[in-house]
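Below is one structure; the comments refer to it alone.
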Amino acid sequence: MSNPELDAAFADGAAFVPYLAAGDPDFESSIEYVEALERGGADVIELGLPFSEPIAEGPTIQEAVVRSLEGGMTPARFFEFVEALDVDVPLVCMTYYNLIYQYGDESGPRPFVEKAAELGLSGFVVPDLPAEEADPLREACDEFGLDLVFIVAPTTRGDRLERIMEQVSGYVYVQARLGVTGAQDDVSGQTAASLDRLSAYDVPKAVGFGIKTGDHAERIVEGGADGIIVGSALVDIVAEGHENGDDAATVAARLEEKARELKDGAERGLAQRAPQAERT
Amino acid sequence: MSNPELDAAFADGAAFVPYLAAGDPDFESSIEYVEALERGGADVIELGLPFSEPIAEGPTIQEAVVRSLEGGMTPARFFEFVEALDVDVPLVCMTYYNLIYQYGDESGPRPFVEKAAELGLSGFVVPDLPAEEADPLREACDEFGLDLVFIVAPTTRGDRLERIMEQVSGYVYVQARLGVTGAQDDVSGQTAASLDRLSAYDVPKAVGFGIKTGDHAERIVEGGADGIIVGSALVDIVAEGHENGDDAATVAARLEEKARELKDGAERGLAQRAPQAERT
Amino acid sequence: MSKTRFDGKFGDYGGQYVPEALMPAIEELEDAYERYVLANEDGFMDEFRERLADFGGRPTPTQYAERLSERYDRDVYLKREDLLHGGAHKLNNALGQVLLAKYMGKERIVAETGAGQHGTATAMAAAHLDMPCEVYMGERDINRQRPNVFRMKLNGSEVNPVTVGRGTLKEAISETMRDWATNVEDTHYVIGSVVGPHPFPAMVRDFQSVISEEAREQMREKAGTLPDSVLACAGGGSNTMGAFAEFVDDDGVELYAVEAGGSTLDVDEEAGVAPNSASLSTGSEGVLHGARTKLLQDRDGQIMESHSVSSGLDYAGVGPELAYLVDEGRVRAVNVDDDAALTAFHRLSQLEGVIPALETAHAFAYLEANDEELGDTVLVNVSGRGDKDLESVIEETAQRDIDIAPDMDAFAGGF
Amino acid sequence: MSKTRFDGKFGDYGGQYVPEALMPAIEELEDAYERYVLANEDGFMDEFRERLADFGGRPTPTQYAERLSERYDRDVYLKREDLLHGGAHKLNNALGQVLLAKYMGKERIVAETGAGQHGTATAMAAAHLDMPCEVYMGERDINRQRPNVFRMKLNGSEVNPVTVGRGTLKEAISETMRDWATNVEDTHYVIGSVVGPHPFPAMVRDFQSVISEEAREQMREKAGTLPDSVLACAGGGSNTMGAFAEFVDDDGVELYAVEAGGSTLDVDEEAGVAPNSASLSTGSEGVLHGARTKLLQDRDGQIMESHSVSSGLDYAGVGPELAYLVDEGRVRAVNVDDDAALTAFHRLSQLEGVIPALETAHAFAYLEANDEELGDTVLVNVSGRGDKDLESVIEETAQRDIDIAPDMDAFAGGF
Ligand SMILES: Cc1ncc(COP(=O)(O)O)c(C=O)c1O
Ligand SMILES: Cc1ncc(COP(=O)(O)O)c(C=O)c1O
């Protein structure tokens, strides 16, 4: 039931999926930043619609959420944001279920999905919505042709994994490790195991959590991921620029550069995957 | 078993019995103050030996006790004080039982009483020693020929009164009212009732607690008392002098004047007593 | 409240809206809940109840309140959870969960705390059961509740400041969930009320239901009858559900959840602020901290800042089961404002010699409503004692004109 | 401890060394004590015990302390008076006396307080029984114990500052006696420990002996045996006598009164200061506050200023019956210093999740002595909880090097 846009984005096998909170730190700058990500090589962009209680986020993204909310971000503004964006890559909305549920007059997720479809969004990631509670949103997505991405954690196994993989479409978000910090080494370890468990499923696997450099990206893709998701490393650049009062163009340039580093890393990883056997 | 000195002091029927804390505020001044009381007409002097926990005293005398103790007063100094005094009237030591009990090597009241007798003291008032606990002190007093004065409160009646009156000698201290403050009127009321209850007993009745003026003294004696005991009104003068930094002679003069006012009042009271019936 | 397997839903409320990383832990907990709590495997419930008695001081009495009864012309009884170790009902739950963590073989517990009541209860239970404990607490709350922070540290717990956002309870919950998500294999999250994802609401209710279990029996003994009504304050709703649980099937017993009406029930949509914490009375359905329930939220679904003179009621959500029972008409949601709660605080202190927590004072304030339906015999749950609130009482009383309050001049500015 | 008429003497100790104005009141009280307390006239004792249960939270548990037992390689049990309403054993006595005053037809009560524990217990009891109450408290103590002052006022009591002298407990006792002497006809003086003139020491012991009555039964149930030893801290000695009373006739039970050794047992005779409060261990016979007992006094018989890190033990005298039992060899008087008490405070908080009063911590500190004669089974009376002491603990811990204490830096200077 996959959306052709996301299929296409993962087609080359080394998709770069950056995340930014829409409206961080303000509407206009944020538009520039997202556009910079595309210039830097993004294949899909995860756009965060900030929720006041982001229970799944690390401190970096929590602060981004605070900045964006203080800048006046709301679901309505978010849709304006999407409309104002001039990018060609598919956009995935990352938000919490309560915002989707409350939108519009009718209760339930349908109005939000309808509006998202209208604006050309490709899908959703909803970190506090487990497969068990996802039916209403899944149905609305099906109705409007959007994908519903699910996260698979290192602890997700057996039945749970089945249940998720039955629901997922677009790509599966492979959480590289538990928590939000930790050394790269054990990330690869847990990632490998996760990818292994997922190998039987025919859906793109994008790995995220803690990827910060081109090197990381390279190793993850080399390890078998179809793409990398990068959030905090990019949000850090926005935060730093905001704190230092740098102008939006300067920050956008840094984001573009970082994006390129990550995308290049991913491609190197892909390039090394096939000849891996030969190298030794 | 009365000591002839105290008998004599009450013989004229209008004895003035002032109280001061020995050593308040210092040894030398206090000597002058006590001598001034004699000049002012004292018939007996109650000399306080300060105890650190004066549970029976009002705030005025408590503060005197604090000053005296801070000035270095001890039982040994007290006896030096008595020795240094140049007065002819009988002296009664007012103190708490623990000081009497601890004096000397031998435990019990005997050494203290022996020393007091040696220095010519005439008796004791011990406010925290009820008749029930007084046997050892009573015996020592008998041995050395000293009097043991007891306090009779407005609430003392029946059996208790009996028990006290069996033990008392020298004079009975008639507590004019409960507590330490209150209007003169109810003082007279309670005093009259107390004197009434005591009329059957052949021992001088000295009334104390709250007497402050010659007028008070007059009315008390007119009401049938054999004497008046005055403490706080005199201690107030010492306290005020101390606070204002007045020299000892000035304060002594004020004490003498106050003493005379009180003694004169007492005598007026006596004079009016006999002709009372005629006056109407 | 049947104790057979159920899906974690109370009508449409409840559920498990949590990050995937937590789902295995939640399933493990569900399993442990069913085995140890519901089926008393390995004698878990026996040990729990024994420790509640010996360490916690249960049973707590149900006391006839003479002077309140006189005032209200009905028989008022007090269920004295203020006498529980730690000074509030919170220990019932904290001890249950820490013990459960032990049975589950966990080696570490984490907890969130707002004002510090749940944190101190958890720290006490953790010390008692020799379990390492870390408590997350917003930095602003840490500065406002230093004695409670100190007590947790005395009990050997670590207190981790949460600096993100406004640094209060909501952020502390998020941060604790994050710690749990990171250390899920050896760590149990001791949640502080009947909130969060299933099985927490049911499990916390079961640990707290000892309150009504005892009270029901004690009322029969003392009053010879069940109460006509039971009053309990409602923040998250754990003392509430604990006080109600065993009465739910007694049709003749009216159940009153008294919420914090704050300064007003009106909401400032613009600022995203509800100057109250009355989610049952004024909130709407939504998803927060893992469960679908009644919430204070703006039109978009952003959670509003709540407010109450009592920090323990100052929460934008409420337990899903309570929301359900209100919708079903079994529980009446009422509310009293800050002024009424403070006045009731002073009244109870003076009339009964029981200084209640400000949370608890809300339940007593509702007695003033003189609601006919309260009936002849009223049971009020004294969820906690007020020692923790003395500074707030000084400050809040000084700002008001409460005629029965003692003269506060000597205490202006706190201790 | 036979409950037949006796003369108020324990050997040479005890008696009634009070101003004559008080004697009638004391005789009236003696009479009331014999009728209501000893002979249960009008069901006084039944009502007292019922109120202690419902209002006070009795029985308090006797708890097996697992981690202390491990540490000391003996079975350690805790009698949990810290769970009594108000947070200390003090309410047993306060409630008994206020109720007695009611039975006697008194219309007003007065009480002294030092740190405020007895004052708060009395204020609670007075509110509960609708009895006007005035508490005398030294001005210095008022400034040091503001939360307790506030609690008394919340309960509707008046707090009268005593400005004379050093403004501490001793002066407050004198002032309360003075009030009583003034208003003796309608007023009862609720004394705070097993001190003062007869019948106070015997009566307060009887009110407190519910502690050992329960504990003796609970030990039989839980341990299957009486303890080999009972430990209680001793200030005036009310929790001590309460914990001992029902064990006095059990020859196999050693009784330990643990006094405050302060900084040292050496006395500064010159300054009239004893840097301890160990009247049983180092004091001598004398008369104080109405009774003959063991005292801290200088050679002249002036009462010395005592000192202890715990204000509730900071008293220069001790109950006459305890002095007697020590002389008789029935009770062993031991003592621990400030450092040991503070360390024990931290140890108990961490190991058992019970934050004790600093007074109580003294009893626990003696466990460290590892005294052979403590035997295999030890019962320790937890006379009160430590919430009231948090500020002192911060201050006193900061001055010492207590390796088990949590890091105090964040709390330097108090809350
Ligand atoms: C004494 C007391 N009562 C009530 C509450 C509110 O919690 P709940 O609604 O879960 O009982 C708290 C929370 O801290 C509390 O401390
Ligand atoms: C908790 C606690 N324990 C002990 C004491 C000492 O008193 P007593 O020796 O009379 O038990 C006090 C006095 O305030 C106290 O508060």
Side-chain angles (χ1 to χ4, degrees), chain A residues 49-63 65-66 69 73-78 95-105 107 112 126-134 150-161 163-164 173-175 177-182 209, chain C residues 7-9 12 14-28 112 162-166 169-171 173-187 196-198 272 284-293 295-305 316-317:
Chain A
L49 162 56
F51 178 51
S52 55
E53 316 306 316
I55 55 171
E57 320 294 353
T60 307
I61 293 178
Q62 281 184 70
E63 298 290 6
V65 161
V66 170
L69 287 173
M73 183 50 67
T74 62
R77 282 292 274 168
F78 178 79
T95 192
Y96 285 74
Y97 192 55
N98 202 46
L99 296 189
I100 296 177
Y101 186 79
Q102 305 298 338
Y103 188 78
D105 295 329
S107 109
F112 192 98
V126 189
D128 68 341
L129 188 71
E132 288 79 356
E133 311 283 357
F150 280 89
I151 298 172
V152 164
T155 46
T156 312
R157 293 194 180 82
D159 278 2
R160 286 210 52 70
L161 190 60
R163 244 175 289 152
I164 291 172
Y173 185 145
V174 182
Q175 184 177 327
R177 65 173 115 86
L178 293 174
V180 288
T181 54
F209 265 56
Chain C
D7 64 353
K9 295 280 168 71
D12 281 344
Q16 301 180 312
Y17 295 81
V18 294
E20 176 54 30
L22 286 178
M23 283 305 293
I26 281 192
E27 288 181 343
E28 187 189 343
E112 90 290 347
V162 178
T163 53
V164 87
R166 282 195 317 276
L169 177 62
K170 287 187 314 173
E171 289 79 17
I173 295 182
S174 298
E175 193 65 32
T176 318
M177 288 205 164
R178 199 166 311 116
D179 180 311
W180 196 27
T182 308
N183 303 293
V184 75
E185 315 209 330
D186 69 348
T187 298
H198 176 66
S284 58
E285 200 189 320
V287 173
L288 174 63
H289 289 142
R292 178 177 300 209
T293 186
L295 303 180
L296 300 177
Q297 54 188 335
D298 67 14
R299 296 229 173 97
D300 291 334
Q302 303 288 8
I303 308 307
M304 278 198 271
E305 217 178 320

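Quick note on labels: first sequence line is chain A, next is B, and so on, each numbered from 1.
Only the backbone of C/Val18 comes within less than 4.5 Å of a heavy atom of chain A; no side-chain atom from C-beta onward does. Within the 4.5 angstrom heavy-atom criterion, only side-chain atoms of C/Leu288, from C-beta onward, approach chain A. Contacts of A/Leu69 with chain C are made by side-chain atoms alone, with heavy-atom separations under 4.5 Å and no backbone atom involved. Only the side chain of C/Leu295 comes within contact range of chain A, judged by heavy atoms closer than 4.5 Å. Heavy-atom distances place the side chain of A/Tyr101, and not its backbone, under 4.5 Å from chain C.
For C/Arg299 and A/Tyr103, the positive end is not near the middle of the six-membered ring at less than 6.0 Å and at most 45° from its axis.
You'll find the side chain of C/Met23 stays beyond 4.5 Å of the side chain of A/Arg163, heavy atoms only. Side chains of C/Ile303 and A/Asn98 form a contact here, defined as non-hydrogen atoms less than 4.5 Å apart. Between C/Arg292 and A/Glu133 the shortest side-chain heavy-atom distance does not fall below 4.5 Å.
The line from CD of C/Gln302 to CD of A/Glu53 is 8.5 Å long, rounded to the nearest 0.5 Å. Annotation: the span from A/Thr155 atom OG1 to C/Glu28 atom CD amounts to 10.5 Å, rounded to 0.5 Å. Note that CZ of A/Arg77 is 12.5 Å distant from CG of C/Asp300, once rounded to the nearest 0.5 Å.
When every heavy atom of A/Pro130 is checked against every heavy atom of C/Tyr17, the shortest pair comes out as CD-CA, 3.9 Å. Looking at every heavy atom in both residues, C/Pro19 comes nearest to A/Ala56 through CG-CB, 3.6 Å. Minimum heavy-atom separation, C/Met177 to A/Ile55: SD-CD1, 3.9 Å.
When the candidates C/Pro24, C/Gly15, C/Gly290 are compared by the number of heavy-atom contacts under 4.5 Å with chain A, C/Pro24 comes out ahead. When each of A/Ala131, A/Pro75, A/Ser52 is scored by its heavy-atom pairs under 4.5 Å with chain C, the top score falls to A/Ser52.
Side chains of A/Tyr173 and C/Glu20: a donor-acceptor N/O pair is absent below 3.5 angstrom, by distance only. Checked by atom type, the side-chain pair A/Gln102/C/Gln297 shows a donor-acceptor distance below 3.5 Å.
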